[in-house]
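Just so we're on the same page: letters track the sequence lines, and every chain starts at 1.
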Amino acid sequence: MSGTARLLLEWFRTRQRDVPGRNESDPYRVWVAEVMAQQTRISTVIPYYESFLERFPDVETLAASSLDDVLKAWEGLGYYGRARNLHRAAGEVRERYGGRLPEDADALRSLPGIGAYTAGAIASIAFGKPEPAVDGNVRRVLSRLYDLENPTPGCLDALSRDLIAEAGGAAGPLNQALMDLGSSVCTARAPDCDECPIARHCLALQSGTVALRPVRRRRPPLPHQDIAAALVWRGPQLLIARRPEDGLLGGLWEFPGGKVETGETPAEAARREVLEELGIEVEIVGEVAEVQHAYSHFRITLHLFHARWIEGDPAISESRAGSPRWVLPGELARYAFPAANQAVIRRLVGGEERAPESPGPA
DNA sequence: AACTCGGGGCA
DNA sequence: TGCCCAGAGTT
């Protein structure tokens with residue numbers, strides 16, 4: 001034994017970190033934790049993990065639930081395709097595998113939302129299979145350990161398998177040790193090599209290239225867009241619509257609106273979009289809020305307006321935005337909305353933001 | 001291989 | 001502000 005694997009396992013054994021999906025025996029719980037953790041910090045995942053499992057304690061419950069309910073539990077966590085895939089995969093697990101996750105990594109890999117990393121993580125952690133699980137942390141740790149500039153997935157896979165073999169096949173603990181090391185010691189910005197249990201084996205540390213591993217690309221500046229949307233009031237009710245399931249924020253609910261075109265004001269854009277998308281005429285009667293929000297690849301200013309319904313029935317119009325419906329402000333809490341809307345939603349649910357000129361509660 | 005897809009935390 | 005994060009799916 002080279003010692004690297006043994007040092008990793010010893011270091012990991014002394015760690016007691018509260019990480020979702022670890023120290024779990026239920027493969028379903030491991031699965032949910034790993035999907036939630038995709039591109040998401042663990043501290044962000046923790047509250048979602050507990051409440052999600054309380055609401056969907058097993059595959060059967062998840063498969064039998066509506067996508068709307070699953071998205072509501074996912075609201076604010078981002079990458080909503082994960083929730084859609086998880087829901088779809090639960091159905092497949094129920095149909096094909098009798099409600100139990102398959103133990104084989106390739107079978108896991110074929111389920112929606114389970115890629116190479118997640119398949120390896122579930123197989124190794126939940127089922128004890130000698131499979132690699134290379135996430136961003138492991139990629140960084142191995143890149144530094146072997147001083148590799150830009151290793152391919154296949155290369156990292158092979159290196160992981162070697163370490164797993166050195167660990168006597170204990171892939172679960174070894175994979176978790178590599179991930180844990182990457183997230184707490186061998187970090188991207190400020191690696192703490194003094195505290196690293198395998199520093200003596202680290203080729204990048206010997207070469208002085210730790211800060212250069214792995215290489216990262218520079219990103220172009222984020223473009224900006226103005227978005228206008230309307231709180232369309234019809235008496236005490238307001239109008240919401242469900243976004244298409246494909247694409248950005250797929251399946252979430254929103255207030256109707258769209259991009260502000262050049263040469264028009266946000267208020268004009270809000271009125272135009274409501275007419276184009278839902279075929280209803282409204283009059284803009286006031287401004288609600290102006291929200292700044294950043295997505296991964298662009299940023300927006302969301303202009304929200306109060307609007308008064310004039311004519312048109314969204315239920316029978318040829319709408320591109322599916323399933324428009326009228327709801328009371330207090331009912332908004334049932335629907336999953338994008339994070340950019342949350343502050344306004346809270347005010348509406350709490351009754352602080354109300355329809356202008358409305359008589360108010362009797 | 002390049003793009004899309006959220007949101008939050010941190011220097 | 002830019003960068004990163006226990007990645008996957010699509011083209």
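The nearest whole Å value for the distance from the CG atom in A:Leu77 to the P atom in C:dG7 is 12 Å. Whole-Å rounding puts the A:Arg84 CZ to C:dG7 P distance at 19 Å. As a whole-Å value, the separation of A:Met36 CE from B:dG7 C1' is 14 Å. Rounded to an integer number of Å, the gap from CG of A:Asp246 to C1' of C:dA8 is 15 Å. In this structure, the CD atom of A:Gln292 is 17 Å from the C1' atom of B:dG8, given to the nearest Å. When rounded to the nearest whole Å, the span between CH2 of A:Trp31 and C1' of C:dA8 equals 14 Å. Rounded to whole angstrom, the span from the CH2 atom of A:Trp74 across to the C1' atom of B:dG6 amounts to 12 Å. For the pair A:Glu75 CD and B:dG6 P, the interatomic distance rounds to 13 Å; values are reported in whole Å.
Of all non-hydrogen atoms in A:Pro173 and A:Leu9, the two that sit nearest each other are CB-CD2, 3.7 Å. Residues A:Leu348 and A:Trp233 come closest through the heavy atom pair CD2-CZ2, 3.8 Å. Listed here is the closest heavy atom pair of A:Val30 and A:Ala126: CG2-CB, 4.1 Å.
Contacts of A:Val19 with the nucleic acid, taken as non-hydrogen atoms under 4.0 Å apart, include base atoms. The residue A:Gly76 sits close only to the backbone: its heavy atoms come under 4.0 Å of sugar-phosphate atoms, none of a base. Contact annotation for A:Ala116: backbone-only contact, meaning every heavy-atom pair under 4.0 Å involves sugar-phosphate atoms and none involves a base. Residue-level contact check: A:Tyr117 touches the bases, meaning some heavy atom is under 4.0 Å from a base atom.
At the phosphate of C:dC5, OP1 or OP2 sits under 4.0 Å from a side-chain N or O atom of A:Arg140. The side chain of A:Thr118 contributes an N or O atom lying less than 4.0 Å from OP1 or OP2 of C:dA8.
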For nucleotides 9-11 of chain B, give me every protein contact, N/O to N/O, under 3.5 Å, one pair per line with atom names.
none

Identify the pairs formed between an N or O of the protein and an N or O of nucleotides 1-5 of chain B at a distance under 3.5 Å, and give each distance.
from: B:dC5; atom 1: OP1; to: A:Leu248; atom 2: N; distance (Å): 3.4
from: B:dC5; atom 1: N3; to: A:Tyr79; atom 2: OH; distance (Å): 3.4

Might you list the N or O atoms of the protein lying below 3.5 Å from N or O atoms in nucleotides 9-11 of chain C, with each pair's distance?
from: C:dG9; atom 1: OP1; to: A:Gly113; atom 2: N; distance (Å): 2.4

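Partner of A:Arg271 under the side chain to side chain donor-acceptor pair (under 3.5 Å) criterion, chosen from A:Glu276, A:Glu283, A:Glu281: A:Glu281.
More than 12 heavy atoms of other residues, nucleotides or ligands shown are found within 6.0 angstrom of CZ on A:Arg82. Within a 6.0 Å sphere centred on CD of A:Glu54, heavy atoms belonging to other residues, nucleotides or ligands number 12 at most.
Aromatic pair A:Tyr295/A:His293: ring centres closer than 6.0 Å.
Counting only heavy atoms from C-beta outward, the side chains of A:Leu249 and A:Glu254 never approach each other to under 4.5 Å. Counting heavy atoms from C-beta on, the side chains of A:Val260 and A:Thr301 never come closer than 4.5 Å.
A perpendicular orientation is assigned to the rings of A:Phe52 and A:Trp74, their planes being inclined by more than 60° (bins at 30° and 60°).
The side chain of A:Gln38 lies closest to C:dG7 when the candidates are C:dG7, C:dC4, B:dG7. Among C:dG7, B:dG8, C:dA6, the nucleotide with an atom closest to any side-chain atom of A:Arg22 is C:dA6.
Under the 3.5 Å distance criterion, with hydrogens and angles disregarded, no donor-acceptor pair is assigned to the side chains of A:Tyr80 and A:Arg243. Inspection of the A:Asp58 and A:Thr61 side chains reveals an N or O donor paired with an N or O acceptor under 3.5 Å.
Two residues, A:Arg299 and A:Val134, neighbour DNA chain C, and the one matched to the more 5' nucleotide by heavy-atom proximity is A:Arg299.
By the rule that hydrophobic residues join a cluster once side-chain heavy atoms approach within less than 4.5 Å of another member, A:Leu328 and A:Val344 end up as members of separate clusters.
When the P atom is compared between B:dG6 and C:dT11, the two are found 16 Å apart, to the nearest whole Å. The P atoms of B:dA11 and C:dA6 are separated by 15 Å, rounded to the nearest whole Å.
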